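Data first, discussion second: the structure below is written as structure tokens.
Everything numeric here is computed off the predicted structure, so don't read it as measured data.
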Amino acid sequence: MKQITRALCILLTLLCLAGCFAACGKKPEPEQPGTSGSSVTTDSGEPSNVDENGYEKDSIPANTNFGDYTFNILSWAENNDYLFPLAASEKDIISYDIYMRNRGIEENYHCTLKPDVVNGSWANQDTFLSKARMAGELEYDLIASYSLWPTVLAQEGLLANLLTLQFPEVTKPWWSTCAETYTYNQALYYLTCPSSRGSIMNAEIMFANSRLLADHAPDDDVFAMVLDGSWTYETFLTIAEKFKGLADAEDEGSRIYALTVDDDSRMDAFYYGAGFHSVVRNTDGSMSLDFTSRSKLEQISSYADSLFALFRDDNGFVVHMEDNITEMKTGHSVFTVAGLANIQNLPDNSTYAPIPLPKYNPKDTRYYTCQTNAYDIWCIPKTTARAEDAGIIAEAIASSDYRSIFPKFYEDKLKLRYSDDVIGYQIFDIIRDSIITDFGRLEQLSLNNCGIEGIWRQVFTPGSQYYGNFMSRYDSMNGDGQLEIALNKLLKAYRNGAS
């Protein structure tokens, strides 16, 4: 009995001490990024490079002082609420946290962040780029852009080579997953933070209707398959076959669609989800298109033909691509391919859950998830005299996203809210870990439709003359070797920009 009592006393003492330490470790508002807050020390007495939650800290000097300098930042309006929100709105806790984080950066580093908020989505390319090209006149120090526009600026020689700066530190976890992909000829002109809200919310994924699957395919536990790695393209086709003909019901309210796709551009998810790429880096550091060899063309063409079979008018599936998720909102689709952000538009009683696209090669040990283009890319204009300092600001924002903003959003506002059980939590993690970057995908504009997107989408776009014929579309684009010519022209622009 004494031993038990003694053990209980020790346990209570330890719990009390843990509470005291936890209280000491709390940070005041506004959040102080970088090295602020109490340091975690190792047994040797040396400062730890991780914070109290186990996240790696940045290396920004604690005494950094910009002397009340105002950083002028070009920011794209469509996502500005999650970049530089202009007011603290407690209706959106993540936007509020970002607002307070930014105030913390200003306080900690003695500066002002002044965003110039400009429309910059896909429909506003000219508006945003015209502003970015005037970076010198408008005295921009930093640019936060829709993903595709910095590639244009880089080829025009308007961006600083980030590898020549002390910050951002591209080997840190908040940059490293994309830094190698986007580096060419010893130059890196733009970065995206994989721990930003936009990065995960723009993942192109598949939504699965658990109710319809339980009713019509009770022996096929799709979610368990995702976890054990057996969620493959052939399995997907087998399950989809069980819904054949259900889209033809006379009563429109009783129709069930095996597959719906939100916009023809979402078909990219199938291509990259199969493990194919647009541009790959060779062992000597050079880059080449990943879909032009005869063996790869045969694989992709076979896959496209199989996938297109779902789209034929007489197949009984009736696949819709109407830039909406109507059938998913009403619960009439079994599988829907769309951006993860659409999860926010589903009713509270929705029976849909996100899963990755199925593996085309069953031997693959992982899934592959691409992103829509509506995420943030950071770059620094070559004209600013404060490039080193602008790099610190980008570093402070990204490291904060990684250590505090994203964990709160991802764990509490995404996984906890939209998962019913541990399996759901694990699948969210699988999706996050499966997100890939591809140099060619980011450069699709510069490749003038000679990237895979300009070929692949046409095969699945109703009304296209290449509807259902991948090789015909490929041959039409590759006359006289135009695909490789386009890539070489792109890479030459990068070489010239770095010189």
Side-chain angles (χ1 to χ4, degrees), residues 177 203-210 212-214 216-244 258-261 266-280 290-312 315 317 319 333-338 340 352-371 422-438 440-441 452 455-456 459-460 468 470-471:
T177 57
E204 293 190 345
I205 55 103
M206 182 176 274
F207 288 92
N209 189 322
S210 59
L212 292 178
L213 287 168
H216 297 271
D219 297 328
D220 300 305
D221 189 338
V222 169
F223 307 103
M225 292 178 189
V226 171
L227 291 186
D228 66 22
S230 62
W231 174 232
T232 65
Y233 178 67
E234 287 301 322
T235 301
F236 161 71
L237 291 180
T238 299
I239 294 174
E241 183 71 21
K242 297 181 180 182
F243 294 86
K244 190 169 185 177
L259 173 68
T260 61
V261 182
R266 297 292 84 78
M267 289 304 299
D268 296 351
F270 278 103
Y271 179 85
Y272 289 100
F276 298 126
H277 301 279
S278 176
V279 171
V280 292
D290 188 45
F291 53 90
T292 55
S293 70
R294 182 52 52 187
S295 61
K296 190 59 68 71
L297 278 174
E298 290 176 355
Q299 293 178 47
I300 297 172
S301 180
S302 175
Y303 177 48
D305 290 345
S306 171
L307 189 57
F308 181 73
L310 294 175
F311 290 73
R312 299 184 188 280
N315 68 356
F317 293 94
V319 179
S333 63
V334 183
F335 299 107
T336 294
V337 176
L340 180 57
Y352 286 93
I355 59 174
L357 272 288
K359 295 185 290 188
Y360 183 57
N361 183 350
K363 294 182 180 180
D364 280 341
T365 58
R366 54 162 295 177
Y367 299 96
Y368 302 92
T369 299
C370 67
Q371 297 162 299
V422 174
I423 292 177
Y425 302 156
Q426 292 174 321
I427 291 178
F428 264 108
D429 290 338
I430 287 174
I431 290 173
R432 183 189 179 190
D433 292 341
S434 70
I435 293 176
I436 55 99
T437 55
D438 188 293
R441 180 163 175 76
I452 190 62
I455 301 172
W456 181 258
V459 179
F460 302 97
F470 174 81
M471 285 306 302

Going from [atom1] on [X] to [atom2] on [Y], what distance comes out if it is rounded to the nearest 0.5 angstrom?
X	Y	atom1	atom2	answer
Gln371	Ile436	CD	CD1	8.0 Å
Tyr368	Asn361	OH	CG	8.0 Å
Phe308	Phe270	CZ	CZ	13.5 Å
Phe335	Leu212	CZ	CG	9.5 Å
Met471	Ile300	CE	CD1	9.5 Å
Thr369	Leu357	OG1	CG	6.5 Å

A side-chain contact here means heavy atoms from C-beta on lying under 4.5 Å apart; do [X] and [Y] qualify?
X	Y	value
Ile435	Tyr272	no
Ser278	Trp456	no
Thr177	Thr437	no

Closest heavy-atom pair and its distance - [X], [Y]:
X	Y	answer
Ile239	Ala217	CG2-CB, 4.4 Å
Leu227	Gln426	CD1-OE1, 3.3 Å
Pro358	Met206	CD-CE, 4.1 Å
Ile355	Ile205	O-CB, 3.6 Å
Asp305	Gly468	OD1-O, 4.2 Å
Tyr352	Ser333	OH-O, 2.5 Å

Side-chain ([X]) to main-chain ([Y]) donor-acceptor, under 3.5 angstrom:
X	Y	answer
Lys242	His216	no
Asp438	Val279	yes
Arg266	Thr336	no
Arg366	Ser434	yes
Asp221	Phe223	yes

- Taking the six-membered ring for Trp, are Phe276 and Tyr271 parallel (under 30°), tilted (30 to 60°) or perpendicular (over 60°)? tilted
- Please identify each residue that fulfils side chain to side chain contact (heavy atoms under 4.5 Å, CB included) with Glu298, with sequence neighbours left out.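 Glu298: side chain to side chain contact (heavy atoms under 4.5 Å, CB included) contacts with Arg294.
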- What do the steps show when you test Leu297 against Phe470 for side-chain contact (heavy atoms from CB on, under 4.5 Å), and what is the final call? CA-CA 9 Å; Leu297 278 174; Phe470 174 81; 3.9 Å; yes
- Show your reasoning for whether side-chain contact (heavy atoms from CB on, under 4.5 Å) applies to Asp268 and Arg441. CA-CA 10 Å; Asp268 296 351; Arg441 180 163 175 76; 2.9 Å; yes
- Message: Here's one to test your reading of the geometry: is the NZ or CZ of Lys359 within 45 degrees of the ring axis of Tyr367 and under 6.0 Å from its centre?
- Response: yes
Can you list, pair by pair, the side-chain donor-acceptor contacts under 3.5 Å of residues 230-238, counting residues two or more places apart and other chains?
{"residue": "Ser230", "atom": "OG", "partner": "Asp228", "partner atom": "OD1", "Å": "2.5"}
{"residue": "Trp231", "atom": "NE1", "partner": "Pro356", "partner atom": "O", "Å": "3.0"}
{"residue": "Thr232", "atom": "OG1", "partner": "Thr235", "partner atom": "N", "Å": "3.3"}
{"residue": "Thr232", "atom": "OG1", "partner": "Thr235", "partner atom": "OG1", "Å": "2.9"}
{"residue": "Tyr233", "atom": "OH", "partner": "Ser306", "partner atom": "OG", "Å": "2.9"}
{"residue": "Tyr233", "atom": "OH", "partner": "Leu307", "partner atom": "N", "Å": "3.1"}
{"residue": "Thr238", "atom": "OG1", "partner": "Glu234", "partner atom": "O", "Å": "2.9"}

